[in-house]
Protein chains: 2
Amino acid sequence: MTGQQWTARFAGLARLAPQTQQILLEKSAVIDVPAGTTIFGPGNSPENMLFLLDGSVRVQQTSETGHEIVLYRIHAGQSCVLTTACLLAYEDYSAEGICETDIQAAAIPRAVFDELVAQSKEFRDFVFAAFSKRITDLFLMIDEVAFQKMDVRLADKLIALSGGQDSIATTHQKLSVELGTAREVISRQLQEFQRRGWIEQGRGCVNLINRTALAGLAGQQH
Amino acid sequence: MTGQQWTARFAGLARLAPQTQQILLEKSAVIDVPAGTTIFGPGNSPENMLFLLDGSVRVQQTSETGHEIVLYRIHAGQSCVLTTACLLAYEDYSAEGICETDIQAAAIPRAVFDELVAQSKEFRDFVFAAFSKRITDLFLMIDEVAFQKMDVRLADKLIALSGGQDSIATTHQKLSVELGTAREVISRQLQEFQRRGWIEQGRGCVNLINRTALAGLAGQQH
DNA sequence: AAGATTCGGTGACATTGTCACCAAACGATG
DNA sequence: CATCGTTTGGTGACAATGTCACCGAATCTT
């Protein structure tokens, strides 16, 4: 992947005017970052707005009590809205972004971003749509954290993390961070799922045996 | 309050170029809405972006299980970011905005908003700062809902709702919606605060007796 | 092979959420 | 004023979840 013409690969950017795409291509740098890197976090504000070309970034937060929770993920074709937000508002991050895979991203300088927002209605719509989606997703997350039962949330998360595969490489500890709960809660719930024959467990992995049953629980609303 | 020159009254807008302020003043309509009105919600998307000149709007969400939770409030000088978001992203609202007081607002048509974002760097900064603040506040709320103890959250909320006064006109039910919990939980916790001599209760009101003690609990982080 | 670390299991208990009631206060109405 | 319905808040039992203090087994390091 050379990075040339990357604007054409994503629906949100391909509809930009040719000269707008040209500015993006000319004035941004394509960078590669290895998995595990913290690309932004407290005391580490990037100079540029990142547009993710390949890979995924996990955004999570650590509370003052030491509890962690995953807020969302950024995938290829998405911009890091929090980066954008903090670039523009001069605020400290309250969250950190960790590369879950090796990633490739376009680094767009602040001034270029501002110029594009001013010049291109399509780019404005892209940016505001990203903000909007992020906020409404956070609304849904608040609803889930506040009101959804843990078994439903865990079933939901297992389906989401499986990505169509039947085996998930993760630990109880990592799952507890995904949902903002305690490791013991995950252990008990997975035992219950196993007792029902919906999953099988190994050290560091969970195998989905009955995806339909899990999806049924996840789909329930109360 | 005539509404003339309202742009000058708010720090975020007063620094706009005079011609930008002129566009805002000329192309937006100042409207008055009585307390209790739902200014936006599912199936009720406003045509305009609202900029609040006076009063406050409570934004809350009802889950599919019927549980309610207050997400945030919009006060004078703030724009309704969710309105903005949905104007620009064509999405359905997942939340509703209810006037807590009689309000006065400037209704800015979508096209005018877009024009201002394109023309004025100061306006862009204002809008993105509002989005950024909203998102980081939602991060804090997720952290609080997921990890903070209920007594701390309630003490915090009582201080916030008091607005410096020593008497709060509210019900246990309303407080439970503020925190996304059950009425019984609020009742028990308020009884405990009363037992400690921190508050006194009347039907439909809570009187703060020992604000310092409440603030101390609210300030604790674990 | 030995020691350290990670991973997961377990029981006891505290906190919070849910449910099914109840009674008192309040408001509307005749 | 008397009555009725609604709102508000109190209560106990129980379920779900969070917290704490452990433990042993698997894995990794050296």
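By convention in this document, chain letters (A, B, ...) are assigned in the order of the sequence lines, proteins followed by strands, and residues within each chain are numbered from 1. Below, all heavy atoms of this structure are taken into account, side chains as well, without hydrogens, waters or symmetry copies. Since we're looking at a predicted model, the values are computed, not measured.
- With C/dG9, D/dT17, D/dA13 as the candidates, the nucleotide lying closest to the side chain of A/Q201 is C/dG9.
- For B/Q191, counting side-chain heavy atoms from C-beta on, the closest listed nucleotide (D/dT11, C/dT16, D/dT17) is D/dT11.
- For B/E184, counting side-chain heavy atoms from C-beta on, the closest listed nucleotide (C/dA20, D/dG9, D/dG18) is C/dA20.
- In this model, a side-chain donor or acceptor of B/R183 finds a partner on the base of D/dG10 within 3.5 Å.
- B/R73 has a carboxylate O that lies under 4.0 Å from a charged side-chain N of B/E178, or vice versa, which qualifies the two as a salt bridge.
- Taking 4.0 Å as the cut-off between side-chain N and carboxylate O, A/R196 and A/E192 count as a salt-bridged pair.
- Backbone-only contact: A/G202 has heavy atoms under 4.0 Å from sugar-phosphate atoms and none from a base.
- With C/dA20, D/dT7, C/dG9 as the choices, the nucleotide that has an atom nearest any side-chain atom of B/R203 turns out to be D/dT7.
- Residue B/H172 places no side-chain N or O under 4.0 Å from the OP1 or OP2 atom of D/dT7.
- Looking only at distances, a side-chain donor or acceptor of B/T101 sits under 3.5 Å from a matching main-chain atom of B/S56.
- Judged by closest nucleotide on DNA chain C, A/S187 is the one of A/S187 and A/A146 placed further toward the 5' end.
- Nearest nucleotide to the B/V185 side chain, out of C/dT16, C/dG8, D/dT19: C/dT16.
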